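A short worksheet on the structure shown next.
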Amino acid sequence: MASGASSGGDEIITFHRLHYGKLGEGAERRVPASAGYAVTRRSAGLDRAWDPYLSPLRLAGLRRFEPDAIAVGARSAGCLIARAVGDSIIFMRARFRPEDGERGDGRLHQQSAILVGAFEAFRRNPAGCLSIAAHDLRALPDLASEDAAARLSEPPLRWRVSRPDPADVRRIVEQAPWAFPMLETLLDGADSGADASRDFGPQDFADEGAFLAGVGLVLELLPPAYPRWRDVSVVSGLANPLPGLCLRYIPSSGQAQAAA
């Protein structure tokens, strides 16, 4: 789960990957009615001891994980959770999809995709890590036609990510109306030590990707010595906020008000 700087101001960030759900078939990734749940993809070197910590129940802090745990406007793509677990950062995309394919209306099944990386990489480059989650984390079934041994022992994923220019970060954050509420939540939380959450919606950001980019820029302003780095969570499409300091995006403002 290491990462390292490379030449040209870029950084190589490494994540282990785990998929949980059911195996699909064909272009529509339809799931046979007889298919069972299992880990369907795993990076080589990701200890199986991690598995209990990588469930939607555990990461979302819920007693049950069912479709109503995801806000209505987010149910197609699913919810996204980014939070620290020990010395690691976890990104999870989880959703419920029809067994008869993306355009189907059949029985739903749970599908999740998870990335596990070094927390220090996230603290050093939050914008880059959140960009990876925004663009590369999709909860799609793996294909039954793939070689099982290869799926369950693939190499860790590596991305070359540019570091944002600090002057650009400050300029954007100073002008953005959503930035002060985020910073207020984070800084007040550092002073009080209490849990706090702040919700955002389409009135603030065009979509989830824009929200994650905005959060990444705000987190770039936090110093390494910020005392509650490991309490910060970034959530999109989940009906409930997480404990700690939670910045949450709900695609529908009505859903955000209902869940607040």
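FYI, the numbering just counts along the sequence from 1. Because the structure is a prediction, the values reported are computed rather than measured. What you see below is based on every heavy atom in this structure, not just the backbone, and it leaves out hydrogens, waters and symmetry mates.
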**Q.** Stepwise salt bridge (charged side-chain N to carboxylate O under 4.0 Å, His left out) check, Glu102 with Arg95
**A.** CA-CA 12 Å; Glu102 298 299 323; Arg95 64 178 178 137; 2.8 Å; yes
Minimum heavy-atom separation for [X] and [Y], please, with both atom names.
{"X": "Ala60", "Y": "Asn240", "answer": "O-ND2, 3.4 Å"}
{"X": "Pro67", "Y": "Phe96", "answer": "N-CE1, 3.5 Å"}
{"X": "Ala127", "Y": "Leu217", "answer": "CB-N, 4.5 Å"}
{"X": "Thr14", "Y": "Pro156", "answer": "CG2-CB, 3.8 Å"}

(Q) Does Asp87 have more than 12 heavy atoms from other residues, nucleotides or ligands lying within 6.0 Å of its CG? (A) no
Pairwise distance [atom1]([X]) to [atom2]([Y]) - rounded to 0.5 angstrom:
{"X": "Ser112", "Y": "Leu54", "atom1": "OG", "atom2": "CG", "result": "8.5 Å"}
{"X": "Tyr249", "Y": "Leu238", "atom1": "OH", "atom2": "CG", "result": "15.0 Å"}
{"X": "Arg93", "Y": "Asp136", "atom1": "CZ", "atom2": "CG", "result": "11.0 Å"}
{"X": "Arg83", "Y": "Ile89", "atom1": "CZ", "atom2": "CD1", "result": "9.5 Å"}

Donor-acceptor check, side chain of [X] to backbone of [Y], threshold 3.5 angstrom: yes or no?
{"X": "Arg58", "Y": "Asp51", "result": "no"}
{"X": "Asp47", "Y": "Trp50", "result": "no"}
{"X": "Asp100", "Y": "Gly106", "result": "yes"}

Q: Please work out which of the three classes, parallel, tilted or perpendicular, describes the rings of Phe119 and Phe122, given edges at 30° and 60°.
A: tilted
Q | With Glu99 via side-chain hydrogen bond (donor to acceptor under 3.5 Å, both in side chains) - residues at least two apart | A | Lys22, Arg107
Q. After noting the C-alpha distance and the side-chain angles of Glu154 and Arg42, does the key distance pass the salt bridge (charged side-chain N to carboxylate O under 4.0 Å, His left out) rule?
A. CA-CA 7 Å; Glu154 68 174 20; Arg42 179 194 299 272; over 6 Å; no
Q: Walk me through it: do Glu11 and Arg124 pass the test salt bridge (charged side-chain N to carboxylate O under 4.0 Å, His left out)?
A: CA-CA 10 Å; Glu11 182 176 10; Arg124 186 168 56 248; 2.7 Å; yes
Q. Is it true that Glu28 and Arg30 have a side-chain N and a carboxylate O under 4.0 angstrom from each other?
A. no
Q | Test applied, side-chain hydrogen bond (donor to acceptor under 3.5 Å, both in side chains); reference residue, Arg97; option that passes from Gln111, Gln110, His109 | A | His109
**Q.** Residues Phe200, Trp178; criterion ring pair (Phe, Tyr, Trp, His ring centres under 6.0 Å); working and verdict
**A.** CA-CA 8 Å; Phe200 301 87; Trp178 40 260; 8.0 Å; no
Q) Hey, any chance Phe15 and Leu140 share a hydrophobic cluster, counting ILVMFWY side chains that come within less than 4.5 Å of each other, even indirectly? A) no
